[in-house]
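Written out below as structure tokens is the structure these notes cover.
In listed order, ligands and their atoms are each counted from 1.
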Amino acid sequence: MYKKVTGTKDILPEEILKWQKIEEISRNIFSLYNYKEIRTPLIEEAALFNRSLGQTSEIIQKQMFLFNPASTDSCALRPEGTASIVRSYIENNLDKTTGFAKLYYIGPMFRLERPQKGRLRQFHHIGTEAIGSTDPSLDVEIISLADNMLKEFSIDGYKIKINSLGCAKDKKELIDNLREELKTELNKLCPDCQVRFEANPLRILDCKNEACQKIVSELKAKKNCLCPECETHFSKVKEGLDALKIAYEINPYLARGLDYYTGTVFEITHEALGAQDALGAGGRYNNLVKELGGPDVGAVGFAFGVERLLLITELENRITASKNLIYLITLGLEAKKEGLKLLNNLREKGMASDTDYENKSLKASMRKANDLNARFVLIIGDDELKKDVVTLKDMVSGEQKEIKQENLIESLKIC
Ligand code: AMP
């Protein structure tokens, strides 16, 4: 027997209603905020991610699914959405046609991680990218959008943590300061962080190792690294969130693991998720569009992990799709032929309907109709054929009556 690939998941029909609900709520909210959907390929040139996410990021170091890794035109399964969307924005000249663009996406992402609860190799993002503005009120809109989505997903008890990394110059200063301060602690850091110290000390701020976290919590370097412009931007973001009464915490150690982030960064966590506690995350990436060959414009975005939303949402997996299902039971070959025409007719009229394809007995078919939550059952046997009628059973009231074929659709509509 074949098994699914490690770190992937089948989403079975019994779970799909929750997925559809999450997606439907998201699309409704995106449209309220005037974000438009974009769909980019699942594969991209690997170089796009190398350039955007940074050579020292965990994703590039060890989590990319690569095709032809040795070749210069190597491709990768996308590990995240931002780089692809910025690539598409530039390649399709959206900067010239649309200018400022508010985009959203829903789809699978791939990372070669060690699977555990809430951590998969194929998982799904619901995310946004607003490209073409450095206005701090756009940061506020993005965070409030995420906050509203969580409320609509029936999730509470989450925490919104924010920070500002500042502009490229501020970031460099912070990195220098971190190196300076961590120099004396180097041998107390975990082996990974000893490498990060050279490659990119910002990554040490995110390390989950207890000893590293303790050292990080005592750091002074994260103070006063913002230039006046970035400080003002961050103050406006905080004021905007206050005005909307969105609760947040400032976490000066929040760095996010990707190179493209500048300025505001945020993460939304939930204790109930355990070790992998991030529901979603995002921030500004003001240099990425230019770095990938586009105009010098600011941008901000975020993404939720759908699997993690589903672990804690209170949304019910309610069966709504088959609420009005009509289940047809035919007895005998002649009735089956007649039944196929009737099913076709019902579906043409927009009425959800199904029948038995397993040659079950009348009793077993009735049981099946019950299991499917059918609203009505139609029975056609020899008797019905002779009289040109259909037996209609209302599964809610239990009432059963014979109806002339030509009156059936009307009767079902009235019911
Ligand atoms: P990131 O792009 O890493 O900031 O991820 C954004 C969100 O996607 C996270 O907050 C998680 O909810 C989710 N996520 C990231 N990686 C995984 C994974 N390997 N498995 C499941 N969800 C993930």
Side-chain angles (χ1 to χ4, degrees), residues 4-11 15 19 22-23 26 40 42 44 48-49 52-54 56-65 76-86 104-129 142-143 145-147 149-150 153 155 157-163 165 202-203 205-208 251 253-262 264-285 288 299-313:
K4 59 186 176 299
V5 169
T6 310
T8 64
K9 213 175 146 306
D10 295 314
I11 306 160
E15 306 162 75
W19 281 79
I22 292 271
E23 288 168 10
S26 306
T40 58
L42 302 192
E44 295 276 356
L48 170 70
F49 300 116
S52 314
L53 278 51
T56 60
S57 64
E58 292 268 294
I59 295 181
I60 300 299
Q61 292 269 304
K62 39 188 179 192
Q63 296 175 348
M64 291 256 277
F65 278 97
L77 284 178
R78 65 180 187 190
E80 58 107 59
T82 307
S84 311
I85 288 167
V86 171
Y104 80 85
Y105 56 98
I106 299 179
M109 304 293 159
F110 306 85
R111 293 183 197 171
L112 197 52
E113 305 207 64
R114 196 165 41 80
Q116 53 177 270
K117 185 185 163 204
R119 192 155 89 180
L120 292 149
R121 290 182 170 178
Q122 176 177 334
F123 60 97
H124 295 76
H125 269 171
I126 294 182
T128 61
E129 312 295 346
I142 288 273
I143 297 171
L145 170 63
D147 184 53
M149 286 173 79
L150 287 171
F153 296 151
I155 293 176
Y158 53 87
K159 281 193 183 139
I160 303 178
K161 297 169 186 168
I162 64 169
N163 188 24
L165 297 172
L202 273 181
R203 303 270 137 77
L205 300 180
D206 286 331
C207 183
K208 298 275 183 267
N251 179 351
Y253 306 112
L254 183 67
R256 313 280 310 117
L258 307 174
D259 270 6
Y260 58 60
Y261 284 115
T262 54
T264 316
V265 284
F266 67 97
E267 192 168 70
I268 304 179
T269 58
H270 200 295
E271 270 182 5
L273 286 172
Q276 303 298 319
D277 66 351
L279 274 173
R284 276 213 159 264
Y285 48 94
L288 185 63
V300 54
F302 83 95
F304 279 128
V306 182
E307 284 78 0
R308 294 196 195 167
L309 294 172
L310 287 170
L311 283 173
I312 52 169
T313 174

Less than 4.5 Å apart, any side-chain heavy atom of Tyr158 and any of Asp147?
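Of all side-chain heavy-atom pairs linking Asp147 with Tyr158, at least one is under 4.5 Å.
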Can you tell if the side chain of Asn163 reaches within under 4.5 Å of the side chain of Phe266, non-hydrogen atoms only?
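Not touching, per the 4.5 Å side-chain cut-off.
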With a sphere of 6.0 Å drawn around NZ of Lys161, does it hold more than 12 non-hydrogen atoms of other residues, nucleotides or ligands?
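Counting other residues, nucleotides and ligands, NZ of Lys161 exceeds 12 neighbours.
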Pick out which of Gln63, Arg121, Lys62 makes a side-chain hydrogen bond (donor to acceptor under 3.5 Å, both in side chains) with Glu113.
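Of all the options given, the one that passes is Gln63.
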Kindly say whether Arg114 contributes a backbone atom to a donor-acceptor pair with the side chain of Arg119 at under 3.5 angstrom?
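Present.
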What pair of heavy atoms forms the shortest contact from Glu80 to Phe49, and how long is it?
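Nearest heavy atoms, Glu80 then Phe49: O-CE2, 4.1 Å.
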Can you list every protein residue that has a heavy atom under 4.0 Å from any atom of ligand 1, sorted by chain and residue number?
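Shell around ligand 1 (4.0 Å, heavy atoms): Arg111, Glu113, Gly118, Arg119, Leu120, Phe123, His125, Arg256, Ala278, Leu279, Gly280, Ala281, Ala303, Gly305, Arg308.
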